[in-house]
There are 2 protein chains.
Amino acid sequence: MPDRTLETFFAFFTEIGIIEQLSRALLEARLPHGFLVSHFSVLNHLIRVQDGQTPLVLARAFQVPKTTMTHTLAVLEKHGLVEMRPNPDDKRSKRVWITATGRAFRDDAIAELLPDIERLRHRIDPAHLAQMTPGLEEVRVALDRDRDDPAR
Amino acid sequence: MPDRTLETFFAFFTEIGIIEQLSRALLEARLPHGFLVSHFSVLNHLIRVQDGQTPLVLARAFQVPKTTMTHTLAVLEKHGLVEMRPNPDDKRSKRVWITATGRAFRDDAIAELLPDIERLRHRIDPAHLAQMTPGLEEVRVALDRDRDDPAR
DNA sequence: CATATATAGTACGATATCGCACCAATCAAC
DNA sequence: GTTGATTGGTGCGATATCGTACTATATATG
């Protein structure tokens with residue numbers, strides 16, 4: 001491996017980690033008291049990707065143990081933000097559906113972020129972000145594929 | 001605010017969040033059993049930025065409550081990876097120093113990542129990462145400044 | 001179809017993270 | 001200097017996250 005490859009990867013992921021921490025704090029500050037980014041993220045995923053998925057599929061998507069997802073979904077269900085229905089194709093499993101309340105919760109959270117975005121757009125050029133996003137997408141897809149099949 | 005600004009920010013930070021989850025899982029899998037990325041990150045920060053900082057400064061750097069940092073540092077100290085010494089300038093506070101063992105722990109963890117990097121460099125062009133990193137740095141710095149002084 | 005193995009989900013205990021309340025030291029105002 | 005407000009750190013209880021072990025169902029093998 002060329003000498004600088006490790007440093008290159010490490011520097012990249014260090015920046016990713018710090019930005020994630022800072023942006024997570026921004027979002028969490030806007031969520032209703034008691035809710036965490038983990039709750040929001042699951043709702044967002046159910047909308048962004050697809051609802052009706054099983055808890056295990058969600059756990060894999062978020063790289064968390066299935067016990068963690070069981071717990072997160074239980075909280076969301078307790079608040080009526082998702083519905084768990086039996087999976088007719090497999091009696092062991094369930095399917096997770098986002099409710100109208102859940103959609104509203106997610107949309108409200110995003111709306112609450114508007115003042116932050118309004119402030120940040122003076123410091124960070126949106127065009128700059130838009131320019132970087134496809135590159136990040138490629139990295140995300142590559143990491144996803146690597147996780148699914150580390151051998152290849 | 002132009003219509004697409006919110007979407008642009010949201011898409012960017014969504015990718016950041018997913019990449020962070022995936023890379024965190026890669027690192028955590030290589031850490032000695034029982035250690036988490038939070039432990040590694042503090043050690044890395046003490047080396048990357050500077051050691052001898054106070055727990056509160058570290059807590060702010062990581063955007064975590066000071067109680068969390070107290071706990072993390074206690075674990076690191078219990079394992080001899082950091083040393084807490086009184087701060088002569090302020091008798092309320094302490095200063096955190098990384099030990100030789102702590103440096104070795106961090107270096108070992110990075111070395112353990114080499115097989116992952118070797119695998120990933122076939123999926124992700126290091127030059128591509130290197131090209132994006134300065135842009136990410138700018139975003140990180142902007143978020144940092146915003147946190148320190150949201151008004152300006 | 002009987003049995004072995006694999007998979008989906010949960011129960012439970014351990015550690016991590018967090019918010020609140022508190023103490024000690026420092027700083028600010030006078 | 002005295003007093004009030006602020007700051008650095010910790011104790012404690014609540015929730016989050018995680019690993020291990022378990023049950024129920026599904027799949028594979030003969």
Side-chain angles (χ1 to χ4, degrees), chain A residues 17 20-22 24-43 52-79 81-97 148, chain B residues 17 20-22 24-43 52-79 81-97 148:
Chain A
E20 195 276 340
Q21 285 165 346
L22 294 168
R24 160 179 298 256
L26 281 175
L27 172 55
E28 212 142 83
R30 297 299 185 184
L31 292 180
H33 188 268
F35 287 96
L36 303 178
V37 171
S38 54
H39 305 130
F40 174 86
S41 299
V42 169
L43 294 179
Q53 300 185 54
T54 70
L56 189 56
V57 168
L58 291 172
R60 286 187 181 133
F62 285 97
Q63 280 291 90
V64 299
K66 53 188 182 172
T67 53
T68 301
M69 190 51 64
T70 297
H71 180 77
T72 304
L73 291 172
V75 171
L76 292 175
E77 191 178 28
K78 193 182 66 182
H79 289 91
L81 305 179
V82 301
E83 258 183 40
M84 313 277 282
R85 299 188 214 146
N87 181 352
D89 299 343
D90 186 337
K91 291 182 180 176
R92 291 171 302 182
S93 79
K94 303 175 173 179
R95 288 177 177 277
V96 184
W97 304 89
D148 292 342
Chain B
E20 195 276 340
Q21 284 165 346
L22 294 168
R24 159 178 299 255
L26 280 176
L27 172 55
E28 211 141 84
R30 297 301 185 185
L31 292 181
H33 188 267
F35 288 96
L36 303 178
V37 170
S38 54
H39 304 130
F40 173 86
S41 300
V42 169
L43 294 179
Q53 301 185 54
T54 69
L56 189 56
V57 168
L58 291 172
R60 285 186 183 136
F62 285 98
Q63 281 288 92
V64 299
K66 52 189 181 171
T67 52
T68 301
M69 190 51 63
T70 297
H71 180 77
T72 304
L73 292 172
V75 170
L76 292 174
E77 191 177 29
K78 194 183 65 182
H79 288 91
L81 305 179
V82 301
E83 258 183 40
M84 312 277 282
R85 299 190 215 144
N87 182 353
D89 299 343
D90 186 337
K91 292 182 179 174
R92 290 171 302 184
S93 79
K94 302 176 174 178
R95 288 176 178 279
V96 184
W97 304 89
D148 292 342

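Chain letters run A, B, ... following the sequence lines, proteins first, then strands; residues in each count from 1.
Applying the side chain to side chain contact (heavy atoms under 4.5 Å, CB included) rule to T68(A) yields the partners V64(A), P65(A), T72(A); only residues at least two apart in sequence or on another chain are considered. Checked against side chain to side chain contact (heavy atoms under 4.5 Å, CB included), E20(A) has the following partners two or more places apart in sequence or in another chain: R24(A), I16(B), E20(B).
Taking atom CG on D89(B) and atom P on dC27(C), their separation rounds to 10 Å, with Å as the unit. Nucleotide dG9(D) holds its P atom 11 Å from the CD atom of Q53(B), rounded to whole Å. Remark: C1' of dT25(D) and CG of N87(A) are 12 Å apart, rounded to the nearest angstrom. Rounding to whole angstrom units, NZ of residue K91(A) and C1' of dT7(C) are separated by 17 Å. To the nearest angstrom, C1' of dC18(D) lies 15 Å from CD of Q21(B).
Of all non-hydrogen atoms in G34(A) and H39(A), the two that sit nearest each other are O-CE1, 4.1 Å.
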Encode nucleotides 8-17 of chain C as B, S and - characters from 5' to 3', where the letter depends on protein heavy atoms closer than 4.0 Å: B to the base, S only to sugar-phosphate, - to neither. BBBB----SB
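Going from atom CZ of R60(B) over to atom CD of Q53(B) covers 11.5 Å, rounded to the nearest 0.5 Å. Interatomic distance, OG1 of T70(B) versus CG of L56(B), reported as 9.0 Å (0.5 Å rounding).
Salt-bridge formation is detected for the pair R85(A)/E83(A): a Lys NZ or Arg NE/NH1/NH2 atom is positioned less than 4.0 Å from an Asp or Glu carboxylate oxygen.
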